[in-house]
Number of protein chains: 2
Amino acid sequence: MVIEEIQGGVCAPKGFKANGIHCGIRKNKAKRDFALIVSEVRAAAAGVYTSNLVKGAPVVVTKKNLGDGYAQAIICNSGNANTCNANGIEIAEGMCALVENAGDISAKDVIVASTGVIGQQLDLSPMRYHMQELWSGLGDNSNLAAEAIMTTDTVRKSVAVSFELGGKVCKIGAIAKGVGMVCPNMATNLIFLTSDVAITSEMLQKALSEDVKTSFNMVSVDGDQSTNDTCCIMANGLAGNDVISDEGTDFKAFCTALNYCTVKLSRMLAKDGEGATKLIECRVTGADNECTAKTVAKSVIKSSLVKAAMFGADANWGRVLCAIGYAGVEVDVNAIDVSFSSKKGDLPVCKSGFGIDFSEEKAKEILSEDEVIININLNSGSSNATAWGCDLTYDYVKINGDYRT
Amino acid sequence: MVIEEIQGGVCAPKGFKANGIHCGIRKNKAKRDFALIVSEVRAAAAGVYTSNLVKGAPVVVTKKNLGDGYAQAIICNSGNANTCNANGIEIAEGMCALVENAGDISAKDVIVASTGVIGQQLDLSPMRYHMQELWSGLGDNSNLAAEAIMTTDTVRKSVAVSFELGGKVCKIGAIAKGVGMVCPNMATNLIFLTSDVAITSEMLQKALSEDVKTSFNMVSVDGDQSTNDTCCIMANGLAGNDVISDEGTDFKAFCTALNYCTVKLSRMLAKDGEGATKLIECRVTGADNECTAKTVAKSVIKSSLVKAAMFGADANWGRVLCAIGYAGVEVDVNAIDVSFSSKKGDLPVCKSGFGIDFSEEKAKEILSEDEVIININLNSGSSNATAWGCDLTYDYVKINGDYRT
């Protein structure tokens, strides 16, 4: 199967338009804060959400609206999470109603999301006032929508791919935002995917729920799981392929293309973690089972001490072993091999649980790259897992020491 | 029951002497790195240890030596954790043998501990060379021992109390070191306690194991659980009280005095967490059960985002709610009240899960103190718990970005 990366983000698939503007939720007029993605026809839709007990009002409303498996638009603001507010549901439903008023779309077919500070009242008026402007600017503007959902993100996150199903060209596109409060479980911050593939709602949900287990759920920036994590996909069928309604070849091909997009976004989310200077990938091999592999990979990627060592390009592998040891799964400590690698090479630092001599100079060179891999071989089975994270830096502390003001 | 705080640390109880010197494990000659605590008679002894699967060699040897419930000395070095070294057990046993050679104490009655970098060979020779000096300097030198076990600690941690059992004056003393890789479970970094109380080994172990659940196990600096966590106590019986051999009044009194010491040390450990500028205490009340109260308190105290907000004196209570929400226990989010307090006053910020208006100026004043309390009332039961942690600062990143060099 050939997957080709293409331009266009969420507007790459047929029948999708997007826009992003500044409506005034943020004080900085240069920062877009209001986004819209629309399909020209009603689309099969699926979502996965935060498992935090504190859920943003938009999460509650989106889950309700996706109850029938269909949607036609995504509306999102940044600068305010609309969470822990007494009138949160009313405001989130009000945002859906804005879409219904602006176009020929039922409010019940709208996915709504908000991201930003928790516990501050979100005022609907700036959005109401600028809704017509947002709607009339809909076009091939995936980048504007991607900018509008950013908070402390330093780069836009977007991907799109093209592939074939039964001779028909199909596409998937996506935008995402991440940065802080990133430690998803069954979903991650805000990820909006579009596709022109024809697929039933049931199979779409199945594909998405399965996908996040090896993509977004394997990302951690700071171990804090957001209240507003939402990952939604709309598939409008305009590619004209035979409708995917079971787990056959086409479903597998769609899942492969989807995973290409989500893994790429996962890496982007990790690399642009708040304050991050580098992407850390933890590859665990030789585990007894997949659960052990994943748990070990996430424990290492989440360790503050490992993250700080990576910031300092310090080959402190003892901290890697320590994080494996408290991961909470059974492993044979005396079988573990560890190496650090990057495009500057690969350096074994621990063999069978004990340290081995290595060149500190070479270690520094490898760990000074902006993408670093921690390789862990548990040498006791054949299961693997990969997790993505970032280093812990002065800037993470700076950004989060005074985020609200 | 009257508990009086006294001077003397581990040397306050009758029959204990201590010393701490520089033997050369550390390059900095001004930093003591070798400590010894000795009881003039064999003492009942108990320990709790790290639950990390990666265990330092000294932990393994100490557990074995305490198998019979007795000990007479504690030997400890800083600067090297003697962990993940092929010859680690041999070195740890070698340290015990040094004590046997220096004095009339069996190597099997020695508690051994090491703290510092993981995975670097520990050389016995500097300790062997300086053992006589360490031994001959034994005296009322608890502070020297406390200094010798410090790594990146900025202050000595020591406490001692006096109380009465059946008309006899009894004492407990302790020294501790903490700072980074602090997130104990059934033990914490290095805590050495001494007492002249007469108590059986069984009851001493029972008291200690129960105690840590509400003291050291409720401390977190960075969520990383050390490989070398060891908390040991020796009780030599020289106070002359009736031997405590069951859970009667005297046992309860001893536990109360012990908990006074351990909670005080827990606060010291948290406040002197690596890079910390302040102590954060999280008090959870109104929980359905103790497990929920503890889990919520620890989730909040461990959140990087809450810790960074506290560093910035930012009353970002949404992050507190978020950390409660992902703690993994059932709570009614819409019943939660949150307030911040310090000696500058108390400020409610969240009522029944929703934000309430508060003075940002007052919040800044309260959160700028060096001891801050996050009060959480779950309003659904009568169980309580308290956890201790610290803020996340530039200095934590600095210290851990290049710890080994």
Side-chain angles (χ1 to χ4, degrees), chain A residues 50-55 81 83-86 117-121 180-181 183 185 222-227 302-306 308-309 311-312 314-319 321-327 330-331 333 349-350 353-355 360 392-394 396-405, chain B residues 50-55 81 83-86 117-121 180-181 183 185 222-227 302-306 308-309 311-312 314-319 321-327 330-331 333 349-350 353-355 360 392-394 396-405:
Chain A
T50 182
S51 59
N52 195 315
L53 291 178
V54 180
K55 286 185 209 312
T83 297
C84 300
N85 296 325
V117 185
I118 298 172
Q120 289 185 356
Q121 299 279 326
M181 213 175 261
C183 186
N185 187 19
D222 50 16
D224 278 275
Q225 190 198 5
S226 158
T227 53
K302 285 169 76 171
S303 159
S304 291
L305 286 167
V306 171
F311 173 55
D314 177 12
N316 200 324
W317 61 269
R319 293 179 181 172
L321 241 67
C322 177
I324 298 172
Y326 65 66
E330 275 303 315
V331 296
V333 173
V349 290
C350 168
F354 297 123
E360 292 282 353
L392 174 61
T393 69
Y394 299 127
Y396 178 85
V397 177
K398 185 174 184 182
I399 292 165
N400 288 300
D402 204 5
Y403 175 68
R404 295 184 316 148
T405 50
Chain B
T50 183
S51 60
N52 196 315
L53 291 179
V54 179
K55 287 186 209 311
T83 298
C84 300
N85 296 325
V117 185
I118 298 172
Q120 289 185 357
Q121 299 280 325
M181 213 177 260
C183 185
N185 188 20
D222 50 15
D224 278 274
Q225 190 200 6
S226 159
T227 53
K302 285 168 76 170
S303 159
S304 292
L305 287 167
V306 170
F311 173 54
D314 178 12
N316 200 325
W317 60 270
R319 293 179 180 171
L321 241 67
C322 179
I324 299 171
Y326 65 68
E330 275 305 313
V331 296
V333 173
V349 289
C350 168
F354 297 122
E360 292 282 353
L392 175 62
T393 69
Y394 299 126
Y396 178 85
V397 177
K398 186 174 183 182
I399 292 164
N400 288 300
D402 203 5
Y403 174 68
R404 295 184 316 148
T405 51

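Numbers restart at 1 for each chain; the letters A, B, ... are given by sequence-line order, proteins then strands.
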* Asked: Is there a side chain to side chain contact (heavy atoms under 4.5 Å, CB included) between B/Val397 and A/Tyr394 once you walk through the steps?
  -> CA-CA 6 Å; B/Val397 177; A/Tyr394 299 127; 4.0 Å; yes

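Residue A/Gln121 does not touch chain B at all, counting heavy-atom pairs closer than 4.5 Å. For A/Val331, the parts lying near chain B are the backbone and the side chain together; criterion is any non-hydrogen pair under 4.5 Å.
In terms of heavy-atom proximity, B/Ile118 sits nearest to A/Cys322 at CD1-CB, 4.3 Å.
Among B/Cys84, B/Gly119, B/Gly355, B/Ala81, the residue making the largest number of heavy-atom pairs under 4.5 Å with chain A is B/Cys84.
Going from atom OG1 of A/Thr83 over to atom CZ of B/Phe354 covers 10.5 Å, rounded to the nearest 0.5 Å. With values rounded to the nearest 0.5 angstrom, A/Cys350 atom SG is found 4.5 Å from A/Leu321 atom CG.
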